[in-house]
Amino acid sequence: MPPKKKARVSKRTASSGKDDDGETVSSAGGKRKAAASVGKNEKCSESPGSPQYSHWLMKSEPESRFENDIDVKFGIEDLKALPDQTGCWDGVRNYQARNFMRQMKEGQLAFFYHSNCKEPGIAGVMKIVKESYVDHTQFDKKDVHYDATSKPDNPKWSMVDVQYQRMMKRFLPLSELKKYHLQHRANGGPLKDMALFTRARLSVQPLTAEEFDFILSLEDEVAL
DNA sequence: GCCAACGTTGGC
DNA sequence: GCCAACGTTGGC
């Protein structure tokens with residue numbers, strides 16, 4: 001499937017929806033308000049109230065799974081194998097996740113997270129090499145993530161380009177991250193509010209520099 | 001394969 | 001604008 005530079009994202013959420021500035025939309029139940037209160041003032045990213053994120057975590061499925069006869073598998077090895085080790089993170093169909101992608105800046109780092117697989121966890125690091133632009137797969141009827149409600153003159157979905165940087169020195173399993181999260185939630189620590197645990201199904205999520213650095217430091221520790 | 005969590009849809 | 005029904009995510 002990806003002869004050119006094509007990355008398949010694993011997890012999106014139900015497509016469609018009406019508001020193309022999903023910001024408000026998603027926080028429906030009023031439960032989770034996502035720090036993505038960016039919406040209205042997307043132009044001025046320095047608007048107060050919209051925290052500047054600098055690091056990210058992006059989920060994708062490393063194991064084969066067929067959706068409409070199409071394999072959605074895309075693990076870190078698949079990214080690494082692309083020309084220039086670069087691919088577009090297409091297929092995101094969730095407003096919160098999309099909005100986070102729109103905040104990404106060239107040069108920022110993101111963890112490549114393996115989801116829906118034998119061993120979920122952080123596999124490696126990648127870099128944002130192209131800021132958000134129109135995700136062409138929303139118009140492609142053949143694509144798993146085709147969205148009939150999105151029109152070319154007013155596209156709903158965006159993507160970024162990412163480039164493989166490196167594998168983690170050791171794979172960091174979700175189970176281990178969760179232990180730290182629980183520990184930090186109880187006694188304080190950098191992972192106490194990590195989005196991976198506080199925003200269950202979000203496929204593109206922000207990390208603070210502290211979270212990112214702490215996770216990197218785990219590479220040199222023995223598994224918990 | 002199960003199912004909890006949660007985003008989206010649509011009736012009212 | 002509320003909220004129940006529904007569909008998806010993703011760990012286990």
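Throughout, a chain's letter reflects where its sequence line sits, starting with A, and its residues are numbered from 1.
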Is there a donor in the side chain of Trp56(A) and an acceptor in the side chain of Gln205(A), or the other way round, less than 3.5 Å apart? no

Taking atom C1' of dG11(C) as reference, at what distance in whole Å does atom CD of Glu176(A) sit? 17 Å

Once you round it to whole Å, what is the distance between C1' of dG7(B) and CZ of Arg98(A)? 14 Å

Can you measure Asn94(A) atom CG to dG7(C) atom P for me and round it to whole angstrom units? 18 Å

Nearest atoms (heavy-atom pairs only) where Trp157(A) meets Arg98(A): CE3-CD, 3.9 Å

Can you tell me the distance, in whole Å, between the CG atom of Asp147(A) and the P atom of dG7(C)? 17 Å

Is the backbone of Leu218(A) close enough, under 3.5 Å, to the side chain of Arg170(A) for a donor and an acceptor to pair up by distance? yes

Please confirm whether the ring centroid of Phe214(A) lies under 6.0 Å from the ring centroid of Tyr180(A). yes

Cation-pi check, Lys130(A) to Tyr133(A): give yes when NZ or CZ is under 6.0 Å from the six-membered ring centre and within 45° of the ring axis, no otherwise. yes

Determine the contact category for Phe197(A): base if any of its heavy atoms lies under 4.0 Å from a base atom, sugar-phosphate if only primed atoms, P, OP1 or OP2 are that close, otherwise nothing. nothing

note: Leu202(A), atom CG; dT8(B), atom P; distance rounded to Å ~ 11 Å

Is the centre of the Tyr53(A) ring less than 6.0 Å from the centre of the His55(A) ring? no

Among dC6(B), dT8(B), dG11(C), the nucleotide that comes nearest once only the side chain of Tyr95(A) is considered: dT8(B)

Taken to the nearest whole Å, CG/Leu174(A) to P/dC12(C) is 5 Å

Using rotation axes that map the C1' atoms of four end pairs onto the next four (five pairs an end), what angle separates the end axes of the helix from dG1(B)-dC12(C) to dC12(B)-dG1(C), to 10°? 10°

